[in-house]
Enquirer: 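Would you mind keeping the following structure in view while I ask a few things?
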Amino acid sequence: MIELHGVTKKYANQTAVDNLSLTIYEGEITVIIGPSGCGKTTTLRMINRLINPTSGSIKVEGRDIKDTNVESLRRGIGYVIQNVGLFPHMTVARNIATVPRLMGWSKEDRLKRVLELLDLVGLNPEDYKDKFPAQLSGGEAQRIGVARALAANPPILLMDEPFGAVDPLNREVLQGEFLKIQKKLKKTVVFVTHDLDEAIRMADRILVMKEGQVVQYDSPEEILSHPADNFVRDFVGTNRALKRLSRFSVEESYRKVSPVTEEAILDKKMIKSLEKSEFLWVVDYKQMIKGWVQAEYSEMNKRISEVMTIVPYNELGVHIDDSLKEALSKMLAQGVRTLPVIEKSGHLLGEIGLDDIQRRSGKE
Ligand SMILES: Nc1ncnc2c1ncn2[C@@H]1O[C@H](COP(=O)(O)OP(=O)(O)O)[C@@H](O)[C@H]1O
Ligand SMILES: [Mg+2]
């Protein structure tokens, strides 16, 4: 738990944070959101003592941070920023192991941890450990930033617009991946953003700030359904039902399917037995998705290539950790009512339809 009591930070002619009192709960993602200059970064950096408050106090796990040694305080707090600030002349492995090295971990323990973390953030350890930061894409560099922050297993993570410099598509992927990691690790996360969609998707609780003060501190549902004032209402804007969809993952709403194999598709009996559905997914012998066929299709003397519509799964497929909002925008963009749900490798897991999404969005 992190507690702020009447915290104020003043600069010469400006109050960046104004008498802020706030409790941040253990194991939750608390998102701080608000317009540029409202004091988000200042608030975050006071928690790990990169900035000292002008007045007020901050407690981490019951202890006033003024009474804690700065180094040991920071060891318990991972910090992720935009453009990550990886050390350019160090390999990915050395970057990730920065804190464990300072803490005197053995070489074997460090390497083990690096491999574990690369795996956790979705990068193949053997392919990435010896790369240099310049060889990484923006999204990959952010993943390394997260891995580095998690290296010594701190209970708290401070994240300042961590995905802000990544393009929108990759940002949604990173959000989904981080939520998956958080489900496992249950860190106390303070996450700063100015992107409302990101806040709605990531947060257990949202703190809306304005001019250094709290405007509303509530669950995403409450912020969307009962904005505290016109400032929050304007901030939240329209399409609130659509925004809620970003809080649900494909995993909770998709259906398992029985696909047919390319060989079986030429067997009339197989098709007959599956006549209930309008169409069938086709997989190869490794369960990799290939395409779909109209189930009623009866001219089975034709070759598979003539009856099957090939599915470019990178364009059409959704993953179980994608949000329903992403699935919906894919449907709208591609003009289809049903999408295959696939693993990263292309293995077919099931399908998700417009109906499944409508059902979910209607639920309060
Ligand atoms: N070192 C500083 N000196 C003077 N003013 C600062 C300093 N750091 C931040 N500020 C001011 O404090 C306010 C809050 O800044 P910040 O916390 O960075 O906002 P946010 O992260 O919400 O965009 C801004 O008006 C900013 O100009
Ligand atoms: Mg900032």
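Start at 1 and go down the list; that is how both ligands and their atoms are numbered.
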Enquirer: If you have a sec, work out which protein heavy atom is nearest atom 16 (P) of ligand 1 and how many Å separate them, to one decimal?
Expert: T42 OG1, 3.5 Å
Enquirer: State whether the number of non-hydrogen atoms from other residues, nucleotides or ligands found under 6.0 Å of H347 atom NE2 is greater than 12.
Expert: yes
Enquirer: Would you mind checking which non-hydrogen protein atom is closest to atom 10 (N) of ligand 1, with the distance to 0.1 Å?
Expert: Y11 CE1, 3.5 Å
Enquirer: Within a reach of under 6.0 Å around CG of L332, are more than 12 heavy atoms found that belong to other residues, nucleotides or ligands?
Expert: yes
Enquirer: Starting from atom 18 (O) of ligand 1, locate the nearest protein heavy atom and write down its residue, its atom name and how far away it is, to 0.1 Å.
Expert: T41 CB, 3.7 Å
Enquirer: Does the side chain of R143 come under 3.5 Å of the side chain of Y128 through a donor N or O and an acceptor N or O?
Expert: no
Enquirer: Which pair of heavy atoms, one from I58 and one from P53, lies closest together, and at what distance?
Expert: CD1-CG, 4.4 Å
Enquirer: Salt-bridge test for R337 and D355: reply yes if a basic N is under 4.0 Å from a carboxylate O, no otherwise.
Expert: yes
Enquirer: Determine whether more than 12 heavy atoms belonging to other residues, nucleotides or ligands lie under 6.0 Å from atom CD1 of I310.
Expert: no
Enquirer: Could you identify the single nearest non-hydrogen protein atom to atom 11 (C) of ligand 1 and state the distance to 0.1 Å?
Expert: Q14 OE1, 3.8 Å
Enquirer: Examine the proximity of ligand 1 to H194 and report which part, side chain or backbone, both or neither, has a heavy atom under 4.0 Å away.
Expert: neither
Enquirer: Which heavy atom of the protein is the closest neighbour of atom 14 (C) of ligand 1, given with residue, atom name and distance?
Expert: G37 O, 3.4 Å
Enquirer: Is it the case that over 12 heavy atoms from other parts of the model lie below 6.0 angstrom from the CD atom of Q182?
Expert: yes
Enquirer: If we only count N/O pairs under 3.5 Å, is T43 in contact with ligand 1?
Expert: no
Enquirer: Who's the nearest protein heavy-atom neighbour of atom 12 (O) of ligand 1, and how far?
Expert: A16 CB, 3.3 Å
Enquirer: Is it true that G34 lies under 4.0 Å from ligand 1, counting heavy atoms only?
Expert: no
Enquirer: Kindly determine whether E126 and N124 satisfy side-chain hydrogen bond (donor to acceptor under 3.5 Å, both in side chains), including the steps that lead there.
Expert: CA-CA 6 Å; E126 287 310 315; N124 183 316; over 6 Å; no
Enquirer: Answer yes or no: is there an ion pair linking D195 with R171, defined by an N-O contact shorter than 4.0 Å?
Expert: yes
Enquirer: May I ask you to check if K9 and Y11 form a cation-pi contact, with NZ or CZ under 6.0 angstrom from the six-membered ring centre and within 45° of the axis?
Expert: yes
Enquirer: Leaving waters out, which protein N, O or S atoms fall under 2.8 Å from the Mg ion (ligand 2)?
Expert: T41 OG1
Enquirer: Hey, does G39 come in under 3.5 Å of ligand 1, counting only N/O atoms on both sides?
Expert: yes
Enquirer: Other residues, nucleotides and ligands only: do more than 12 of their heavy atoms fall within 6.0 Å of NE2 on H5?
Expert: yes
